[in-house]
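Have a look at the structure below before the remarks.
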Amino acid sequence: MKVSIVISVFNEQEVLPLFWDELKLAVNSPINSSHSFQAVFVNDGSIDNSPIILNKIAQESNLATVVHFSRNFGHEAAMLAGIEHSTGDVIICMDSDLQHPPTCITQMIEKHLEDYEIVTMTRDQRADAGIMKRITSWFFYWAINKLTKGQFEPNASDFFLISRRVANAITENYRERTRFIRGIVQTIGFKKTSINYNAPSRAAGNSKYSLTKLFFFSLSAIATFSHIPLRLGLALGLLFGLFSFGIGVYSLIMKFIGHPFSGYTTLVVIMSFGFSLLFIVIGIIGEYIGYIFNEVKNRPIYIVEKVLNEPSVN
C-alpha cells in the first residue's frame with residue numbers, strides 16, 4: 001500500500017529540518033516496511049528560507065514531492081493542492097510544526113487497515129495552549145455544533161487520514177473557494193473513526209494564526225456549513241418587535257393613568273439597541289455576500305509556480 005503524506009508549509013524554516021528527520025524515522029520504522037511512502041510538501045508562499053530547505057529535501061529524496069505556490073493562498077488551499085498532487089492509496093494530512101506527531105502515522109495506518117476510510121485525530125491536550133486558546137477553541141466547536149446540529153467532533157484537527165476514494169470525492173465535488181476541509185472530512189460520510197493524541201509544543205518557530213485570524217477563520221468555517229446565522233435577522237426582528245410593542249403598550253397605559261415617563265431615555269436606549277442589532281445583521285449578510293462574490297468570480301483556488309519530483313500517475 002502506498003501512503004501519501006501531505007504537509008502544508010508556511011514560513012517554517014526553523015522546524016522543517018527537524019520535521020523531515022522525524023518523518024523519515026516514522027515511515028522507515030520496521031512496522032511500516034510493507035508500505036511505500038510519498039511526502040508532498042506544499043510551500044504556501046513562504047518568504048523565509050523554507051523554499052530553499054524544501055528544495056534540498058527534494059534533492060535528497062525522490063520520494064519527496066515539493067509544490068511551490070506562486071504566492072500565499074492559505075492553509076486550506078495548500079491541503080487541497082497536496083491531496084491533488086498525491087498518488088497514494090491513502091493520504092495523511094498534517095502540519096510541519098511537529099504538533100502533529102509523525103509517530104502517530106503507524107497507528108493511523110493500522111486503523112485504515114481495519115477498513116476505516118477516514119481516521120481523524122482528536123487532541124486530548126495541547127502542551128502550549130493557554131487559557132485563551134482553550135476557551136476560544138471550546139466556544140468555536142460549541143457554536144458550530146449548535147448551528148449544524150452537532151456534526152463536528154470537538155478538538156479534531158487538520159491531522160487526518162483519508163482513503164483514495166474519499167480524496168477523490170473531496171477534490172472532485174468540493175471546489176468552493178471558501179472551504180473548511182477539516183469539517184468536510186468529518187461530514188462527507190464513509191466509515192470513520194477517531195484517535196486521541198496529545199499535541200506537544202511547537203518544536204521551533206511561532207504560530208501563524210493570531211486571534212484575529214482564528215476569529216475570521218471561525219466565521220468562514222461556520223458560514224460554509226450553516227445558513228442559520230442568516231435567520232438571525234428574522235429572529236432578532238421578531239424579538240425586537242415584541243419588545244417595542246411591550247414598551248408601546250406600557251407607555252400608553254402610563255399616559256392614561258396620568259403617570260407618563262420621560263421618553264428621552266427610552267427613545268435613546270431603544271434606538272441604540274435597534275441600530276446595534278441592525279448592524280450585526282447587516283454584517284452577517286455582508287459576510288455571506290462576500291463568500292458568494294468569491295465564488296462567482298471563479299478564480300483559481302491556488303496557482304502552482306513549480307513542482308519538484310512530480311510523480312507519474314499510474
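Only this structure's heavy atoms are used, side chains among them; waters, hydrogens and symmetry mates stay out.
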Sorted by first residue and then second, give each salt bridge (Lys or Arg N to Asp or Glu O under 4.0 Å) pair with at least one member in residues 299-308; sequence neighbours left out.
-> none

To the nearest 0.5 angstrom, please state how far the CD1 atom of Ile91 sits from the CD1 atom of Ile162.
-> 5.0 Å

Just by distance, do the side chain of Asn309 and the backbone of Ala64 share a donor-acceptor pair under 3.5 Å?
-> yes

Gap separating the CD1 atom of Ile92 from the CE atom of Met121, nearest 0.5 angstrom | 9.0 Å

Give the table of side-chain donor-acceptor pairs shorter than 3.5 Å for residues 282-293, with sequence neighbours excluded, one pair per line with atom names and distance.
residue: Glu287; atom: OE1; partner: Tyr291; partner atom: OH; Å: 3.3
residue: Tyr288; atom: OH; partner: Ser226; partner atom: O; Å: 2.5
residue: Tyr291; atom: OH; partner: Ser220; partner atom: N; Å: 3.4

Among side-chain atoms of Thr120 and Arg182, is any donor-acceptor pair under 3.5 angstrom?
-> no

Pair listing, salt bridge (Lys or Arg N to Asp or Glu O under 4.0 Å) test, anchored in residues 101-121, at least two apart | Lys111-Glu114, Glu117-Arg165

Tyr302: what forms a ring-ring contact (aromatic ring centres under 6.0 Å, His included) with it, not counting sequence neighbours?
-> Phe69

Shortest non-hydrogen contact between Ser8 and Ser96, atoms and distance = O-OG, 3.6 Å

Under 3.5 Å, is there a donor-acceptor pair between the side chain of Glu12 and the main chain of Asp97?
-> no

Is there a donor-acceptor pair closer than 3.5 Å between any side-chain N or O of Asn11 and the backbone N or O of Ile47?
-> yes

Taking every heavy atom of Tyr197 against every heavy atom of Cys104, the minimum-distance pair comes out as CB-SG, 4.2 Å

For Ala26 and Thr103 the tightest heavy-atom approach is CB-N, 4.4 Å

Quick one: pull up CG in Leu54 and CD1 in Ile52 and give me the separation to the nearest 0.5 Å.
-> 10.0 Å

Same cluster for Ile181 and Tyr174 if Ile/Leu/Val/Met/Phe/Trp/Tyr side chains link at under 4.5 Å?
-> yes

Which atom of Ile118 lies closest to which atom of Gly189, heavy atoms considered = CD1-O, 3.3 Å

Hey, what do you get for OG (Ser157) to CG (Asp95), rounding to the nearest 0.5 Å?
-> 8.0 Å

Residue set satisfying side chain to side chain donor-acceptor pair (under 3.5 Å) with Asn55, at least two apart, ordered chain then number -> His68

Compute whether any side-chain donor of one residue and acceptor of the other, for Asp89 and His112, lie under 3.5 angstrom apart.
-> no

Find the distance between CD1 (Ile57) and OG (Ser50) and round it off to the nearest 0.5 Å.
-> 9.5 Å

So, do Leu63 and Val27 sit near enough that their side-chain heavy atoms are less than 4.5 Å apart?
-> no

Intermediate values then yes/no, ring-ring contact (aromatic ring centres under 6.0 Å, His included), Phe190 and Tyr116 | CA-CA 8 Å; Phe190 300 97; Tyr116 290 103; over 10 Å; no

Atom of Gln38, atom of His85 and distance for their closest heavy-atom approach | NE2-O, 3.4 Å

Are more than 12 heavy atoms from other residues, nucleotides or ligands located less than 6.0 Å from atom NZ of Lys56?
-> no

Is the backbone N or O of Asp48 less than 3.5 Å from a side-chain atom of Ser46, with the two atoms forming a donor-acceptor pair by type?
-> no

Just checking, any donor-acceptor pair under 3.5 angstrom between side chains of Asn72 and Asp44?
-> yes

Sequence neighbours excluded, every pair satisfying ring pair (Phe, Tyr, Trp, His ring centres under 6.0 Å) that has a member inside residues 31-62 | Trp20-Phe41

Any side-chain heavy atom of Val66 within less than 4.5 Å of one from Val307?
-> no

Heavy-atom side-chain proximity of Met94 to Asp158 below 4.5 angstrom = no

Side-chain heavy-atom pair Lys24, Glu60 within 4.5 angstrom cut-off = yes

Ignoring hydrogens and angles, tell me if any N or O in the side chain of Ser4 forms a donor-acceptor pair with the backbone of Gly88 under 3.5 Å.
-> yes

Report yes or no: do Val304 and Phe73 belong to one cluster of Ile/Leu/Val/Met/Phe/Trp/Tyr joined by side chain heavy-atom distances under 4.5 Å?
-> yes

Interatomic spacing from CG in Asn173 to CG in Asn168 - rounded to 0.5 Å = 9.5 Å

